[in-house]
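Every chain is numbered from 1, with letters handed out A, B, ... down the list of sequences.
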Amino acid sequence: MRRGAGLAGLLVALAAVPFVPARAPGILPAPLNAPGTLQLLALCLVFGGVALSYALLFGYTGLLSFGHALFFATGAYTVDIALSRWQWPLLPALAVTAVVSLILPLILGAVALRVSGIAFAMVTLAFAQAGSILAFSNPGRLTGGEEGLGLVVDRLPAQLVGVVNTRYLYWIALGYLVVACLVSWRAVTSRSGRIWPAIRENELRVEVLGVTPYGYKLLAFVIGCFLASLGGVVYVLLAGGASPGITTANLSLALLLMVVLGGTGSLWGAVLGGVLYEYLDFRLVALAGSPGIHALPRWLSVPLGEPLFILGMLFILLVLFFPGGIAGVPDRYRFARAPKRRLLQGEEGTS
Amino acid sequence: MTPLLEVHDLHVVLAGSHILRGVDVAVPEGGVTALLGRNGAGKTTTLRAILGLVPRAGRVRLAGRDVSRTSTHALVQQGIGYVPEGRDVFAGLTVAENLRLAERTADPRYDQVYEIFPELRARAAQRAGTLSGGQQQMVAIARALLNPNRILLVDEPTKGLAPRVVARVIEILAAVSREVTVLLVEQNLAAAKGLARHAIVLDQGTTVYAGGFAEFVGARERVHRHLGVALAPAGP
Amino acid sequence: MSTVVLLGVTGLGLGALYFLMASGLSLTYGLLRVLNFAHGVFLTAGAYTAWLIVSRVGGNGPARFAAALLGALVVGAAIAAAVEVALIRPLYRRHIEQVLATVGVALALGALAQGIFGADPRPFPVPPWMQGVTPVLGAAVPNSRLVTIAAGAAVLGALGAFLRWTRWGLIVRAGVENREMVQALGIDVQRAFTLVFALGGVAAALGGVLSDGYFGTVDPARGTAMLIYAFVVVVIGGLGSIAGSAIAAVLVGLIQQFANYYGSVWWSFPSSGDLAVVLLLVAVLLVRPRGLAGGA
């Protein structure tokens, strides 16, 4: 009851942001309700949701997919193609995107889940790579190849177009995150949802109990990938188009980093991880171009000038020293050094 | 007399199951000590835990020295020979390579080994994966005899073998145990009977008996309770 | 006809490069059960080290390129060993975390290379003896291809000899089958881990140097781009099998080359080969996931 009230309060606060002219010097470059800030915050919210969708697969059900970006890009590209190349109105474009976003993970998941573990990871990587190849090669001049596909805004309602209307996009992004959270929560507390962590822990035991994991894994896969596609749709509105960069392994790995940052296994941690990562990425890019960095000696300015370097190092530090991520921080101080207690708590990954 | 191998309050958790819940083992020097228990009692896990092949909590002592923190390979180098359940010979390597891998000293005792196992010399170039179960068992035991070990940890050496081979294995272990201490895990009580002087019995992850083998086997009711078998009356 | 020969040789050359990456990956996965995402970085490190040395050292003599090659191999081994000791070892037995750590290295060092050398490919001064062409079956085959193929074959031979005839090779072969038992025989498998990582680094770095000559440029994105195809080769060839990687590398190189060419000629789709190879990976994993089945 109290938690529900807390979350509702948070939601109201977030929704009110476009009305708040407050400044956060050092953290944000402009006041909260400025279009630039709203754009950044909206992107953070979107990636919070996409990270959550990935956590459903990886952190929660244990499906290590290296190709989640494919589904994010599917949502983005499909709606972009429908609006910009085929000149469809908004609703049919969204409808066809929804259909594709359900069917694609169903088919690909049905195939990929025939294997598990590293084999599954490799298959998803391969599928994503295939998608990336297609996006870059511009088949039928649909995807725009290397330059991407700018969003043609003629058919969009006026409120979604133009810098001054960024607040509406912000609210849509917030709405997306809320939807993602609600769907995830509903899925996780459902009967199927309770099987997922069991599959992650010990798939063999689940089978022994007479349950075929395949169907449950496929369900998690489809839900997670569909939510990612939805995020892609919102992203395309925010970014003004789709570019092939979102189909690459870089994005899939970034999503992995977001989930690990938040704490593998924790769903709310993933949301936080996604928000934080996107914010860091933005700030680090800004930092890279700043005069302060250029003033540093070369051995510092060069690495610090590459956001991916800092994020990669962050990833390494996380994995080595903070395997529980953000969500794991309270746990770390709870367990004493007693080896028996740690042992009984369960060691990760005994060979 | 200090036991050669001592284990105190051993706990092992595997895949969420608390398999060993405070096992105590004391293996006296010399002869064969049998580690008994029904299926799933934790016998194999105990051997693996001693070697450090599974994460464990508890104390391990070899000849009085605490080796709880010693890594597996360093511990083995102190004089432990391991003959695992299922043989674990390297199928892709030849017999000779399997033996060569096991060499720990500059002067491995090939003469002795080939004397006991002449067929291994003949099959030196044969891929171990193509050997029969019995032959693989010979390789596994030969590996442990190649080096001067203080104790052999032997896990169900007669499992799945033809009776004639079983007899040979028992014969070899009996001869070997005159020079080396042996901790023998064996489900086949009859096989252990000819060999073991001492017995340690595990039930549901704890030690329920430690003492003379003959005394344990004599107490029919006990045998039945902990091992779930009725021992046939001593015959020819 | 000469087209076919050219395509064939180019495909074999590409295959040789893939093999150089795949051999290390294959052994690493077979022995450590870690899919090393940082392997592309080893190639990039080798490529840029060679480029740096060649740019600084004057003259056109063989000493210049010998030094570049040596430098690249040393750097490749050093980085690989460092990654193993600093990241893989502390995460002993936690295979997922180990893979994640290599992902972090791939991101960080890849970005670093881009930061230091710029994101664009730079020309590499290809030695004159590599620039020429040799007539093979009526086609003018660039020497760079032949050199690469020869190098790949040499590494195959060297690795095979190492595995077959040396004690560490024996340990690696046994460890790929059952590393626990190797440990239980009193052998410190950790040292084999570092050795295998370092060997992989050397092979990948060699691939980097050769790719400089093969493409004529040095490119920070090349290591990552080739990594996915190296993965394909490793999976098709069977994890832990050097011979398998060699055969798969030849297969993948040829398929990619021929399919790309004919795809572009027949359907204006020059990425047909890339796509074909990637889908081949899926097919193989579904039908025969040797060594991959059911998880690491």
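Heavy atoms of A:F309 lying under 4.5 Å from chain C belong to its backbone as well as its side chain. The contact between C:I228 and chain A is made entirely by side chain atoms (from C-beta outward), counting heavy-atom distances below 4.5 Å. The contact between A:V111 and chain C is made by backbone and side chain atoms together, counting heavy-atom distances below 4.5 Å. Neither the backbone nor the side chain of A:N138 comes within less than 4.5 Å of any heavy atom in chain C. Only the backbone of C:A86 comes within contact range of chain A, judged by heavy atoms closer than 4.5 Å. Residue C:V277: no heavy atom, backbone or side chain, is found under 4.5 Å from chain A. If you measure heavy-atom distances from C:L35 to chain A, the contacts under 4.5 Å come from the side chain alone. At a 4.5 Å heavy-atom cutoff, A:I310 makes no contact with chain C through either its backbone or its side chain. In this structure, no portion of C:F117 lies under 4.5 Å from any heavy atom of chain A. Contacts between C:L91 and chain A at a heavy-atom distance below 4.5 Å involve the side chain alone, from C-beta outward. Only the side chain of A:L64 comes within less than 4.5 Å of a heavy atom of chain C; its backbone N, CA, C and O stay farther away.
Nearest heavy-atom pair, A:A126 versus C:V278, reported as atom, atom and distance to 0.1 Å: O-CG1, 2.9 Å. Annotation for C:L285 and A:V115: closest pair O-CG1, 3.5 Å, computed over non-hydrogen atoms.
Within the 4.5 Å cutoff, side-chain heavy atoms of C:L87 are placed close to those of A:I316. Side-chain contact between C:I96 and A:F58 is present, with at least one heavy-atom pair separated by less than 4.5 Å.
Between the OG atom in A:S137 and the CG atom in C:D274 there is a gap of 9.0 Å [rounded to 0.5 Å]. Remark: C:F37 CZ to A:L125 CG distance equals 5.5 Å, nearest 0.5 Å. With rounding to the nearest 0.5 angstrom, the CD1 atom of A:I118 is 9.5 Å from the NE2 atom of C:H95. With values rounded to the nearest 0.5 angstrom, C:L100 atom CG is found 10.0 Å from A:L318 atom CG. Taking CD from A:E306 and CG from C:L107, the interatomic distance works out to 12.0 Å, rounded to the nearest 0.5 Å.
With a 6.0 Å radius and a threshold of 12 heavy atoms from other residues, nucleotides or ligands, A:R114 has its CZ atom at or below the threshold. Other residues, nucleotides and ligands contribute over 12 non-hydrogen atoms within 6.0 Å of the CZ atom of C:R89. Applying the 6.0 Å contact sphere to CD of A:E147 captures no more than 12 heavy atoms from other residues, nucleotides or ligands.
Put simply, of A:N250, A:L320, A:L253, the one with the most heavy-atom pairs under 4.5 Å next to chain C is A:L320. Across C:P270, C:S268, C:A106, C:G115, the residue that shares the most heavy-atom pairs under 4.5 angstrom with chain A is C:G115.
Residue A:V123 is tested with C:V235, C:L281, C:V282 for a side chain to side chain contact (heavy atoms under 4.5 Å, CB included); the sole match is C:V282.
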For this session: Could you go through the side-chain contact (heavy atoms from CB on, under 4.5 Å) check for C:F231 and A:F66 one step at a time?
Result: CA-CA 13 Å; C:F231 277 155; A:F66 277 129; over 6 Å; no

